[in-house]
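Quick notes on the structure that follows.
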Amino acid sequence: MSPSPRDSKPPAEVGADKARLRRALRQARAALDPADRQDQSAALARAVTDHLGRTAVLPADTAPRPTIAAYLGVDPEPDTAPLLEELHRLGYGVAVPVCEPGYQLSWTAWAPGVPLQRSVRAPVLEPTGPRLAFEDLPDVALILVPALAVDRAGHRIGQGGGYYDRFLARHPLGRADAVPRLGVVYRSELLPAGAVPIEPCDQPLPGVFTADGLLEVGSLGPPV
């Protein structure tokens, strides 16, 4: 099979394409009406909790619910505060990432009122509690992956740091114990297949949440 035009581009050109797309996506995201962003964020929270209610294997009433590996959205990203608060109210454990040296992630428990501090490595807030390896989180049922956009082929474009691509590469979808991974974007950030330039290090997603619910994308099979 001959390579597609996207596959045949030199790495520098693919990188330039991604940089242009990031700029356009950031501008479009910032231009969204703040009230619309909040409405979509609330709908995203409902979409995630509804999905978990249909799919998560829940323990007996006396046992804790699974952990959700989420993240703290930073304006103008989708506001994840309503989601995290609802997950906590429902009894799920919530963990959010901490940026470490070498563009790696560790994880810290989140609960309402937990002290936060500005990351020294990225423009995000992080809880100040103990840091854990992903493998040490208890019973993770879902990884929520931030993105600037996801196309219908399952290709994601992030902010460019590579934290999540490195993390997801260490937890590939093909493993028997793979944890479901699903993107989170505004409606307008679900793009046509082929819209996101791809590099070998990029990690695809099998599904993405928007305010309209969960959509299966790509050819990786069911997202859960």
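Since we're looking at a predicted model, the values are computed, not measured.
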Please tell me whether F209 and L215 are part of a single hydrophobic cluster in this structure, the criterion being side-chain heavy atoms less than 4.5 Å apart. yes
When you group the ILVMFWY residues by side-chain heavy-atom contacts below 4.5 Å and let the links chain together, are Y71 and L168 in the same group? yes
Is there a side chain to side chain contact (heavy atoms under 4.5 Å, CB included) between L44 and V184? Walk through the geometry before answering. CA-CA 8 Å; L44 277 162; V184 179; 4.0 Å; yes
Nearest 0.5 Å, what's the CG-CD1 distance between L191 and I157? 9.0 Å
Nearest 0.5 angstrom please: L32 CG to R187 CZ, how far? 10.5 Å
Assess the side chains of R26 and Q159: does a donor N or O sit below 3.5 Å from an acceptor N or O? yes
Could you tell me which non-hydrogen atom of L25 sits nearest to which non-hydrogen atom of A149, and how far apart they are? CD1-CB, 3.7 Å
Quick one, V185 with T210, criterion side chain to side chain contact (heavy atoms under 4.5 Å, CB included). Give me CA distance, side-chain angles, the key distance, then yes/no. CA-CA 6 Å; V185 296; T210 74; 4.0 Å; yes
Describe, in one word, how the ring planes of W107 and F167 are oriented to each other, choosing from parallel (under 30°), tilted (30 to 60°) and perpendicular (over 60°). tilted
Assess the side chains of E100 and S106: does a donor N or O sit below 3.5 Å from an acceptor N or O? yes
Quick check for you: to the nearest 0.5 Å, what is the distance between Q38 atom CD and D33 atom CG? 10.5 Å
Using side-chain heavy atoms (C-beta onward) and a distance below 4.5 Å, is L84 in contact with L72? yes
When you compare the side chain of R181 with that of P206, does any pair of heavy atoms fall below 4.5 Å? yes
Side chains of L182 and V145: does their closest heavy-atom pair fall under 4.5 Å? no
Closest non-hydrogen atom pair, A47 against G213: CB-CA, 3.9 Å
State, yes or no, whether a side-chain contact exists between L132 and T108 at a heavy-atom distance under 4.5 Å. no
Starting at OH of Y186, measure out to CG of D39 and round the result to the nearest 0.5 Å. 10.5 Å
G154 and V217 have their tightest heavy-atom pair at CA-CG2, 3.6 Å
Any donor and acceptor pair, going by atom type alone, linking the side chain of E126 with main-chain N or O of C99 inside 3.5 Å? yes
Please lay out, stage by stage, how L144 and I68 fare under the test side chain to side chain contact (heavy atoms under 4.5 Å, CB included). CA-CA 8 Å; L144 294 174; I68 307 304; 4.1 Å; yes
Salt bridge or not for K18 and D202, using N-O below 4.0 Å? yes
So, the side chain of R131 versus the backbone of V98: is there a donor-acceptor pair under 3.5 Å, distance only? no
Any chain of hydrophobic side-chain contacts (each under 4.5 Å) joining V179 to V94? yes
Student check: side-chain heavy atoms of D212 and L190 closer than 4.5 Å: no
Taking side chain as C-beta onward, heavy atoms only, is L125 less than 4.5 Å from S119? no
Under a single-linkage definition using a 4.5 Å side-chain heavy-atom cutoff for Ile, Leu, Val, Met, Phe, Trp and Tyr, are W110 and F134 assigned to the same hydrophobic cluster? yes
In the structure I gave you, are the side-chain heavy atoms of V74 and P123 within less than 4.5 Å of one another anywhere? no
Report yes if the side chains of C201 and R166 come closer than 4.5 Å at any heavy-atom pair, otherwise no. no
Between E86 and T49, a side-chain donor and acceptor under 3.5 Å: no
Closer than 4.0 angstrom, basic N to acidic O: yes or no for R37 and D79? no
What are the two closest non-hydrogen atoms of A178 and P172, and how far apart are they? CB-O, 3.5 Å
Assess the side chains of Q104 and R170: does a donor N or O sit below 3.5 Å from an acceptor N or O? yes
Closest non-hydrogen atom pair, A141 against P180: O-CD, 3.6 Å
Are the charged groups of D165 and R156 less than 4.0 angstrom apart, N to O? yes
Going from CZ on R89 to CD on E85, what distance comes out if it is rounded to the nearest 0.5 angstrom? 11.0 Å
Measuring from atom CD1 of I198 to atom CD of Q203, what distance do you get when rounded to the nearest 0.5 angstrom? 11.5 Å
Can you name the nearest heavy-atom pair linking L21 to P197, along with the distance? CD2-CD, 3.7 Å
Linked, directly or transitively: V140 and V48 (ILVMFWY side chains, under 4.5 Å): yes
